[in-house]
Amino acid sequence: MREALESLRTEALAATEAADQLEVLRDLKVKYLGKKGELTSVLRGMGKLSAEERPVIGSLANEIRSQLEEALKTKETHLEELQLDEKIREEKLDVSLPGIVNPIGAAHPLAAVIEEIEDIFVGMGFEVVEGPEVETDQFNFEMLNIPKDHPARDMQDTFYITDDILLRTHTSAAQIRTMLEKGGNTAVRIISPGKVYRRDDDDATHSHQFTQIEGLVVDKGVSMSELNGVLLTFIEKIFGAGTEMRLRPSYFPFTEPSVEVDIYHPEKEWVEILGAGMVHPNVLAKAGYNPERYTGFAFGIGIERIAMLKYNIDDIRHFYQNDLRFLKQFRSV
Ligand code: FA5
């Protein structure tokens, strides 16, 4: 029996030594020390031993059990340490590796130009208001002195939704909304940016959907020279001091006199960027302002044209094609 125990010791210690996985150790523990394990089954034969032999074999068995337990524990700790080292090695961060760069978005060039223009006018005491893109014929035309049969309707070929509802052809509709809101006896000093729509054929300088900024000043004693001063200040701020501006007589049914404003560009020479004029007395009256006491001026700026001149863009369609090669050039704008 002694020999059986000794060979069990040798075999179990060798197996423990050889184990290279925690699972293997667990199996060995069951195999040798478990209730149905080999040590227990050797000890089951103790009944056949003499009274003198029994304590000797008993103490040998206990010695082997604790030696084996000790060996298994030591090996277990060792394997756990190895496993932890491996994990640390795998999860180690190499701070010298190049990082993953997330692409950063930027404002669309038109949005950036609108913001810049808003800042310039806010600096001159203007308030920013918004109007709806789906407008009534009444606000887009009738109240701007353009009745249904008026030839000026041909100047702005319109997308109609019904006979009386349309996609606004210009931001001038915001003039009427603002004056009605102010009630006929309060001064007005607003700009109103937004999208407008016309059934124009798209080409390098025309788009069926484009952006305007309307301006409107109504007060007692407002004059054409103030309009001139406001526009020149705006143009010098957006294109740089010394930029030349020219007013050409023109015609809009809602202003009298009316002008078209060009700026001088070294390559393109004179380029039209906006329409303007003194608010027509009929328009003031329709919107509740007494033209005997109040005068006003208004202007409508084409934003794409401004952005094209400012950034040397040769085709208006670039703004609407969402080509990243184009848009990425405006990251720092
Ligand atoms: C108007 O729309 C008037 N409402 C402007 C105005 C307001 C005059 C207040 C007087 C008082 P016009 O149709 O000219 O005017 O357009 C104004 C500007 O919008 C033009 O100078 C041009 O810069 C721009 N524009 C006009 N049509 C297009 C188009 N199809 N695509 C891009 N820009 C355009």
Side-chain angles (χ1 to χ4, degrees), residues 110 113-114 117 121 126 131 135 139-141 143-146 150-159 166-179 188 190-218 222 224 227-228 230-231 234-235 238-239 245-263 265 268 270-284 287 295-310 313-320:
L110 284 178
V113 168
I114 291 174
I117 296 177
F121 281 102
F126 284 72
E135 228 346 323
F139 287 168
N140 194 81
F141 289 127
M143 290 183 79
L144 286 162
N145 218 18
I146 320 175
H150 198 288
R153 289 222 176 188
D154 297 341
M155 288 161 71
Q156 302 181 357
D157 208 352
T158 310
F159 289 107
L166 44 80
L167 292 181
R168 67 177 175 189
T169 55
H170 52 178
T171 43
S172 298
Q175 289 185 30
I176 305 297
R177 288 185 174 271
T178 309
M179 283 191 275
V188 177
I190 58 106
I191 54 164
S192 186
K195 295 192 186 87
V196 301
Y197 303 84
R198 290 184 198 177
R199 291 173 54 186
D200 284 346
D201 288 330
D202 290 357
D203 61 24
T205 53
H206 292 83
S207 173
H208 62 281
Q209 180 224 289
F210 60 103
T211 324
Q212 287 188 336
I213 292 190
E214 193 76 8
L216 175 68
V217 172
V218 178
V222 173
M224 188 91 184
L227 168 64
N228 193 61
V230 164
L231 291 179
F234 158 64
I235 281 164
I238 194 115
F239 293 113
M245 169 179 106
R246 152 176 112 171
L247 270 53
R248 268 184 298 112
S250 184
Y251 171 75
F252 297 105
F254 36 93
T255 46
E256 179 58 36
S258 302
V259 289
E260 266 170 332
V261 178
D262 303 338
I263 64 151
H265 186 274
K268 300 177 178 147
W270 292 104
V271 188
E272 178 204 316
I273 53 162
L274 62 96
M278 297 303 291
V279 181
H280 197 292
N282 287 354
V283 175
L284 288 172
T295 50
F297 64 75
F299 52 86
I301 309 171
I303 302 304
E304 284 80 356
R305 302 269 169 93
I306 302 275
M308 286 167 82
L309 288 172
K310 198 169 158 67
I313 297 164
D314 56 4
D315 196 318
I316 196 169
R317 289 167 287 204
H318 286 311
F319 292 119
Y320 298 108

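Here the structure is a predicted model, which means the values were calculated and not measured. Throughout, residue positions are numbered sequentially from 1 according to the sequence presented. Counting starts at 1 for both ligands and their atoms, in listed order.
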Can you sort out which atoms of ligand 1 are near [X], meaning under 4.0 Å from one of its heavy atoms?
X      : result
Ile273 : 21 (O), 23 (O)
Ser207 : 29 (C), 30 (N), 31 (N)
Ile316 : 32 (C)
Ala298 : 9 (C), 11 (C)
Ser172 : 4 (N), 7 (C)
Gln175 : 9 (C)
Phe254 : 3 (C), 4 (N), 6 (C), 7 (C), 8 (C), 9 (C), 10 (C), 11 (C)
Leu274 : 21 (O)

So, regarding Gln212 and ligand 1 (criterion: nitrogen or oxygen to nitrogen or oxygen, under 3.5 Å), is there a contact or not?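 In this structure, Gln212 places an N or O atom under 3.5 Å from an N or O of ligand 1.
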State whether the shortest distance between N or O atoms of Glu214 and N or O atoms of ligand 1 falls below 3.5 angstrom.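 N/O-N/O distance under 3.5 Å: no.
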Protein residue, atom and distance nearest to [atom], heavy-atom basis:
atom                    : result
atom 30 (N) of ligand 1 : Asp200 OD2, 2.7 Å
atom 22 (C) of ligand 1 : Arg305 NH1, 3.3 Å
atom 25 (N) of ligand 1 : Phe210 CE1, 3.3 Å
atom 6 (C) of ligand 1  : Gly275 O, 3.6 Å
atom 15 (O) of ligand 1 : Phe252 CE2, 3.4 Å

Ligand 1 contact by [X], heavy-atom criterion under 4.0 angstrom:
X      : value
His208 : no
Thr205 : yes
Glu304 : no

Would you confirm whether [X], through its side chain, and [Y], through its main-chain N or O, come within 3.5 Å as a donor-acceptor pair?
X      : Y      : answer
Ser258 : Phe252 : yes
Arg198 : Thr169 : yes
Glu260 : Arg248 : no
Lys195 : Gln209 : no
Asp157 : Asp200 : no

How long is the span from the CG atom in Leu216 to the CZ atom in Phe299, to the nearest 0.5 Å?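 Going from the CG atom of Leu216 to the CZ atom of Phe299 covers 8.5 Å.
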Any salt bridge between Arg317 and Asp202, counting N to O under 4.0 Å?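 Result for this pair is no, no salt bridge flagged.
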Are Glu272 and Arg246 close enough for a salt bridge, meaning some N to O gap below 4.0 Å?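 Salt bridge absent between Glu272 and Arg246.
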Residue selection (non-hydrogen contact nearest [atom]) among [options]:
atom                    : options                : result
atom 20 (C) of ligand 1 : Glu272, His206, Met308 : Glu272
atom 1 (C) of ligand 1  : His280, Arg198, Glu260 : Arg198
atom 5 (C) of ligand 1  : Gly302, Gly300, Gly277 : Gly300

Are the side chains of Met245 and Val261 in contact, using a 4.5 Å heavy-atom criterion?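 Yes; the side chains approach each other to less than 4.5 Å.
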Check step by step if side chain to side chain donor-acceptor pair (under 3.5 Å) holds for Asp203 and His206. CA-CA 5 Å; Asp203 61 24; His206 292 83; 3.1 Å; yes
Show the numbers, then the answer: is there a side chain to side chain donor-acceptor pair (under 3.5 Å) between Glu214 and Ser192? CA-CA 5 Å; Glu214 193 76 8; Ser192 186; over 6 Å; no
Hey, can you tell me if His170 and Phe141 have their rings parallel, tilted or perpendicular (30° and 60° cut-offs)?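 Judged by the thresholds at 30° and 60°, the geometry between His170 and Phe141 is tilted.
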Assess the side chains of Glu304 and Thr211: does a donor N or O sit below 3.5 Å from an acceptor N or O?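 The answer is yes; a qualifying pair exists.
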